[in-house]
Amino acid sequence: HGISNEEFDLARERALHALLVAEQAQELAACFRAHSMLASIGMRLGEHHIVRHHCERGLALVRRLGSPGHEVWFRHGLALANLLSGAWTESLRGSIDAIALARRTGRRPYVARSLAGRAMVLALQGDLSEAEACLSEARLAIGGPSQEGPADRHVLGPINIAETILALER
């Protein structure tokens, strides 16, 4: 059973309300959580402009708060928004930043997810050997214990999609 458009609309309405209340109260942590939720909804619906907007706003907030672990999520989201919109050069550039920060902060699932996103773009651009190298590295990144727990569909899904794109481009 999937989530209906009405349920996404309701979730978006509630997150927008939470953002408004958090902004009025000047609660930065609550603001970035609302931006995260709104970007997630945009991702699920393929709304790259919404993802970009909320990731840019959330990124600015977490930088002010000095939260590099949360910054990884927003950097990954920006790279994904650029991938979805066809801004592949920006996606590749953003993925480098997301991967580097994920490594520095020990967020291995985000290393893997960002490498998978990078592999998608590279495969679509015809750089199949580099795409395969990114996928190999992504698989290694999720091979051991992690602070977030075992690999799940949020990590394996992007890897599987990138593998499919790579196979189709061969």
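- Residue Leu16 is found in a hydrophobic cluster whose other members, listed by chain and number, are Leu19, Leu38; membership requires side-chain heavy atoms under 4.5 Å apart, directly or through intermediates.
- The two residues Ala123 and Ala131 come nearest to each other via the heavy atoms N-CB, 3.7 Å.
- The OG atom of Ser114 lies 11.0 Å from the CZ atom of Arg107; values are rounded to the nearest 0.5 Å.
- Every residue meeting the side chain to side chain contact (heavy atoms under 4.5 Å, CB included) condition with Ile96, not counting sequence neighbours, appears here in chain and number order: Arg118.
- The hydrophobic cluster around Val111 extends to Ile99, Leu115, counting ILVMFWY residues whose side-chain heavy atoms fall within less than 4.5 Å of a member.
- Atom CD1 of residue Ile161 and atom CG of residue Leu156 lie 11.0 Å apart, to the nearest 0.5 angstrom.
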Practice task
Kindly determine whether Glu47 and Arg12 satisfy salt bridge (Lys or Arg N to Asp or Glu O under 4.0 Å), including the steps that lead there.
Solution key: CA-CA 12 Å; Glu47 300 170 339; Arg12 185 186 324 251; 2.9 Å; yes
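- Across all non-hydrogen atoms, the minimal contact from Ala81 to Arg52 is O-NH2, 3.7 Å.
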Practice task
I would like to know whether Asn82 and Thr89 meet side chain to side chain contact (heavy atoms under 4.5 Å, CB included); could you show each step before the answer?
Solution key: CA-CA 8 Å; Asn82 285 323; Thr89 300; over 6 Å; no
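- Remark: Glu6 pairs with Ser4 by the side-chain hydrogen bond (donor to acceptor under 3.5 Å, both in side chains) rule, at least two apart or across chains.
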Only distances under 3.5 Å count here; give the side-chain donor-acceptor pairs of residues 60-67 to other protein atoms, sequence neighbours excluded, each with its distance to 0.1 Å.
unit_1 : atom_1 : unit_2 : atom_2 : d
Ser67  : OG     : His70  : ND1    : 2.5

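- Applying the salt bridge (Lys or Arg N to Asp or Glu O under 4.0 Å) test to pairs two or more places apart or on separate chains, those with a residue in residues 22-39 are Glu23-Arg57.
- Applying the salt bridge (Lys or Arg N to Asp or Glu O under 4.0 Å) test to pairs two or more places apart or on separate chains, those with a residue in residues 158-170 are Glu132-Arg170, Arg139-Glu163.
- Arg113 approaches Pro158 most closely through the heavy-atom pair CG-CG, 4.3 Å.
- Residues passing the side-chain hydrogen bond (donor to acceptor under 3.5 Å, both in side chains) test with Thr164: none are found, sequence neighbours excluded.
- Think of Ile50 as one node in a network of Ile, Leu, Val, Met, Phe, Trp and Tyr side chains linked at under 4.5 Å; it has no links at all.
- The line from OG of Ser36 to CG of Leu59 is 12.0 Å long, rounded to the nearest 0.5 Å.
- Leu78 contributes atom CG, which lies 9.5 Å from atom CH2 of Trp73 (distance to the nearest 0.5 angstrom).
- Sequence neighbours left out, the pairs with a member in residues 43-67 that pass ring-ring contact (aromatic ring centres under 6.0 Å, His included) are His35-His54.
- Taking CD1 of Ile3 as the reference point, atom CG of Asp9 lies at 12.0 Å (rounded to 0.5 Å).
- Of all the heavy atoms in Ala39 and Cys55, the pair that sits closest is CB-SG, 3.9 Å.
- Nearest heavy atom pair, residue Ala34 against residue Ala18, reads CB-C, 4.4 Å.
- Listed by first then second residue, pairs satisfying salt bridge (Lys or Arg N to Asp or Glu O under 4.0 Å) with a partner in residues 75-97 read Glu71-Arg75, Arg75-Asp97, not counting sequence neighbours.
- With sequence neighbours excluded, the residues satisfying side chain to side chain contact (heavy atoms under 4.5 Å, CB included) with Val121 are Leu83, Trp88, Ser91, Leu92, Gln125.
- Leu135 pairs in a side chain to side chain contact (heavy atoms under 4.5 Å, CB included) with only one of the listed residues (Ile159, Leu122, Ile165), which is Ile159.
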